[in-house]
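Everything below concerns the one structure shown next.
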Amino acid sequence: MSKLEVVILAAGKGTRMRSTLPKVLHRLANKPLLQHVIDTAYALIPHAVHVVYGHGGELVKQGISDEGIQWAEQAEQLGTGHAVEQAVANIEDDSTVLVLYGDVPLVTAQTLQALMSHVGDGIALLTMQLDNPDGYGRIVRNIEGKVERIVEQKDASADELAITEVNTGILAVDGSKLRSWLRRLENSNAQGEYYLTDIIAMAVADGFEVSALVTKDEAEVAGVNDRVQLAQLERVYQQRQAERLMRAGVTLLDPNRFDLRGTVECGTDVVIDTNVILQGKVKLGSGVSIGSGSILTNVVVGDGVEIAPMSVIEDAVIGNGCAIGPFARIRPGTELADKAKVGNFVEIKNSQIGTGSKVNHLSYIGDTTMGAEVNIGAGTITCNYDGANKHRTVIGDNAFIGSDSQLVAPVTIGEGATIGAGATITKDVGQGELSLSRVPQRAIKGWRRPKKEK
Ligand code: UD1
Ligand code: CA
């Protein structure tokens with residue numbers, strides 16, 4: 001087996017994106033286009049992945065998670081053949097080179113594997129049939145149907161323009177032959193470019209067979225040139241993921257209104273309502289239900305958890321049987337133990353909430369360690385920030401915090417303690433104690449409300 005060298009072309013400018021960001025860094029499912037292609041390339045277990053970059057220079061390198069990528073700079077974009085040439089200096093002789101485009105994000109490892117099984121000692125092209133082949137290089141075949149060459153749109157005769165089989169641009173080729181053919185490329189064509197596609201005629205002239213694998217999946221080989229195409233491919237990508245999840249047993253109330261921008265692992269009988277977004281790495285236990293409009297980013301959710309609509313949860317661990325929302329915000333560093341409840345208009349940050357504890361209404365709990373079976377009354381605030389430093393609040397098991405209390409950290413509330421409503425707690429509260437901090441109520445009899453003068 002010869003070594004696999006993947007060459008990804010990503011030097012183009014992408015003028016039609018009308019952006020300061022290099023085209024290949026635009027995101028599909030929150031991942032740069034180029035990263036999609038790189039990830040697919042690595043799935044093929046290659047000897048090396050080479051990325052030819054140019055426009056955007058260092059920005060492109062910085063935008064990609066580098067897993068030992070061989071970067072090759074193409075300072076001037078002189079054509080696809082010239083681009084591949086920048087990378088071949090670093091490839092092994094005994095290799096198969098697979099050429100991919102950094103702006104064609106949805107190509108699958110499966111298709112590429114099939115393509116590579118056709119290379120032999122020559123070239124395998126990925127082609128497709130299009131009703132409207134406009135803009136693409138055309139596949140010219142001889143009377144026996146064998147591929148002879150590729151002619152670019154701008155160099156094509158009227159007869160050639162009528163050909164509906166087009167070059168997707170993706171090809172696999174023997175490494176050492178590629179190197180020798182690239183050396184012979186010329187740029188005497190309509191665009192004055194070194195066309196990679198000219199190696200096809202050279203291979204045929206040298207007596208090597210060129211095989212073509214015709215794909216039926218247009219989206220898989222579709223490139224992104226503008227933001228309309230980017231949005232179209234995003235939809236295709238999301239539909240594929242949604243289908244995969246539903247076939248694996250997840251209920252999506254509307255697969256057209258579900259977005260996964262990362263990965264999700266699901267138990268059985270997960271139900272996801274409309275307009276839910278899952279980002280990063282999400283894990284959902286069995287019997288989890290997620291209400292409409294909720295956004296989960298890097299979250300682990302236990303079994304039987306109910307997340308009511310419009311809840312936003314990030315970098316958190318949710319135990320079994322918890323109930324969250326509606327309108328809950330759970331921020332990084334939060335862990336809910338089993339059966340905890342976080343209700344509406346509650347924000348929790350960097351806190352541990354113990355088993356069965358409840359924070360049901362309109363509260364802010366930050367930098368807090370809370371025991372089990374605690375009840376937090378409506379409108380309770382942990383005052384964790386003194387303007388310079390953050391301080392912790394510790395609340396023991398079975399404590400009861402009356403509504404509208406402020407717990408000024410650092411402060412510890414003992415096990416089983418009770419805080420009367422409306423308290424401002426600045427000192428530690430002992431186990432089982434009742435703490436009140438409240439101005440005594442007084443009545444003024446016969447008092448008259450001021451009136452406006454007429
Ligand atoms: C190319 C093919 C054409 C094919 C089409 C499919 C050639 C000569 N033509 O045409 O047969 O039908 O793709 O989309 O190969 N790039 C570089 N450096 C360069 C030029 C291009 O890195 O100097 C990169 C681009 O960023 C892009 C890819 O190569 O990702 C294709 O370049 P593009 O200019 O879009 O090629 P086409 O003219 O569309
Ligand atoms: Ca193109």
Side-chain angles (χ1 to χ4, degrees), residues 6-17 19 21-26 32-38 41 50-57 60 71-88 97-107 123 125-130 132-140 147-156 160-161 163-171 173 178 181-182 185-202 210 212 214-215 218-226 229-230 233:
V6 182
V7 175
I8 302 173
L9 304 189
K13 186 167 181 201
T15 314
R16 279 178 282 164
M17 296 303 285
S19 175
L21 192 68
K23 175 163 77 174
V24 292
L25 292 187
H26 280 262
L33 294 172
L34 176 57
Q35 190 74 55
H36 281 270
V37 183
I38 288 170
H50 309 261
V51 177
V52 181
Y53 71 103
H55 267 283
V60 174
W71 295 94
E73 188 174 7
Q74 186 194 26
E76 250 188 303
Q77 279 72 66
L78 302 178
T80 49
H82 180 260
V84 173
E85 219 177 348
Q86 309 313 304
V88 292
V97 174
L98 175 65
V99 177
L100 304 177
Y101 288 179
D103 56 1
V104 177
L106 299 192
V107 69
I123 303 179
L125 298 173
L126 190 62
T127 69
M128 65 178 158
Q129 287 286 351
L130 288 181
N132 175 13
D134 213 39
Y136 287 90
R138 309 294 206 279
I139 308 295
V140 181
V147 175
E148 275 197 322
R149 60 196 168 86
I150 295 178
V151 61
E152 292 304 304
Q153 162 104 10
K154 288 185 176 144
D155 302 286
E160 288 163 347
L161 287 176
I163 297 171
T164 51
E165 187 184 4
V166 303
N167 176 30
T168 64
I170 293 169
L171 58 82
V173 51
L178 171 67
W181 289 326
L182 287 176
L185 283 184
E186 285 171 24
N187 65 351
S188 48
N189 50 52
Q191 302 184 77
E193 285 183 7
Y194 296 93
Y195 292 161
L196 176 62
T197 44
D198 282 351
I199 68 169
I200 311 306
M202 292 179 190
V210 176
V214 187
T215 177
E218 278 183 41
E220 192 181 337
V221 294
V224 172
N225 293 304
D226 59 29
Q229 290 167 334
L230 180 62
L233 290 194

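All ligand and atom numbering here is 1-based and tracks the order in the structure. Keep in mind it's a predicted model, so treat the numbers as computed, not measured.
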Nearest non-hydrogen atom to [atom] belongs to which of [options]?
atom: atom 13 (O) of ligand 1; options: Y101, Y53, Y136; answer: Y101
atom: atom 8 (C) of ligand 1; options: I150, V7, T80; answer: T80
atom: atom 22 (O) of ligand 1; options: G54, G14, A11; answer: A11
atom: atom 20 (C) of ligand 1; options: G79, P22, A83; answer: G79
atom: atom 30 (O) of ligand 1; options: N189, D103, V84, L100; answer: D103

Distance filter under 4.0 Å to [X] heavy atoms, resulting ligand 1 atoms:
X: Y195; answer: 8 (C)
X: N167; answer: 2 (C), 3 (C), 4 (C), 6 (C), 11 (O), 12 (O)
X: G137; answer: 3 (C), 4 (C), 11 (O), 12 (O)
X: L9; answer: 22 (O), 24 (C), 29 (O), 30 (O)
X: A10; answer: 22 (O)

For this session: Report the residues that fulfil salt bridge (Lys or Arg N to Asp or Glu O under 4.0 Å) with E165, sequence neighbours left out, ordered by chain and then residue number.
Result: R141

Exercise. Quick one: salt bridge (Lys or Arg N to Asp or Glu O under 4.0 Å) partners of E160, sequence neighbours excluded?
Worked result: R149

For this session: Starting from the C-alpha separation in whole Å, work towards a yes-or-no answer on side-chain contact (heavy atoms from CB on, under 4.5 Å) for L78 and N187.
Result: CA-CA 9 Å; L78 302 178; N187 65 351; over 6 Å; no

Check each heavy atom of [X] against ligand 1 and say whether those closer than 4.0 Å belong to the side chain, the backbone, both or neither.
X: H82; answer: neither
X: E152; answer: side chain
X: L78; answer: backbone
X: T168; answer: backbone

Problem set entry | Distance (rounded to the nearest 0.5 Å) between M17 CE and H26 NE2 | 4.0 Å

Exercise. Roughly how far apart are R138 CZ and L130 CG, rounded to 0.5 Å?
Worked result: 9.0 Å

Problem set entry | Minimum heavy-atom distance H36-P105, with the two atoms named | CB-O, 3.7 Å

Exercise. Taking all atoms of both residues into account, what is the closest heavy-atom pair of V104 and V37, and its distance?
Worked result: O-CG2, 3.5 Å

Exercise. Are the side chain of D155 and the backbone of A190 linked by a donor-acceptor contact shorter than 3.5 Å?
Worked result: yes

Problem set entry | Heavy atom of T197, distance to ligand 1 below 4.0 Å | yes

Problem set entry | Polar side chain donor-acceptor pair, K23 to N225, under 3.5 angstrom | yes

Problem set entry | Stepwise side-chain contact (heavy atoms from CB on, under 4.5 Å) check, T80 with E193 | CA-CA 8 Å; T80 49; E193 285 183 7; 5.9 Å; no

Problem set entry | Within-cut-off N or O pair, E76 and ligand 1, under 3.5 Å | no

Exercise. Taking N or O atoms only and a 3.5 Å limit, does G12 qualify as a polar contact for ligand 1?
Worked result: yes

Exercise. So L196 and L178, side-chain contact (heavy atoms from CB on, under 4.5 Å) or not? Walk me through it.
Worked result: CA-CA 10 Å; L196 176 62; L178 171 67; 4.3 Å; yes

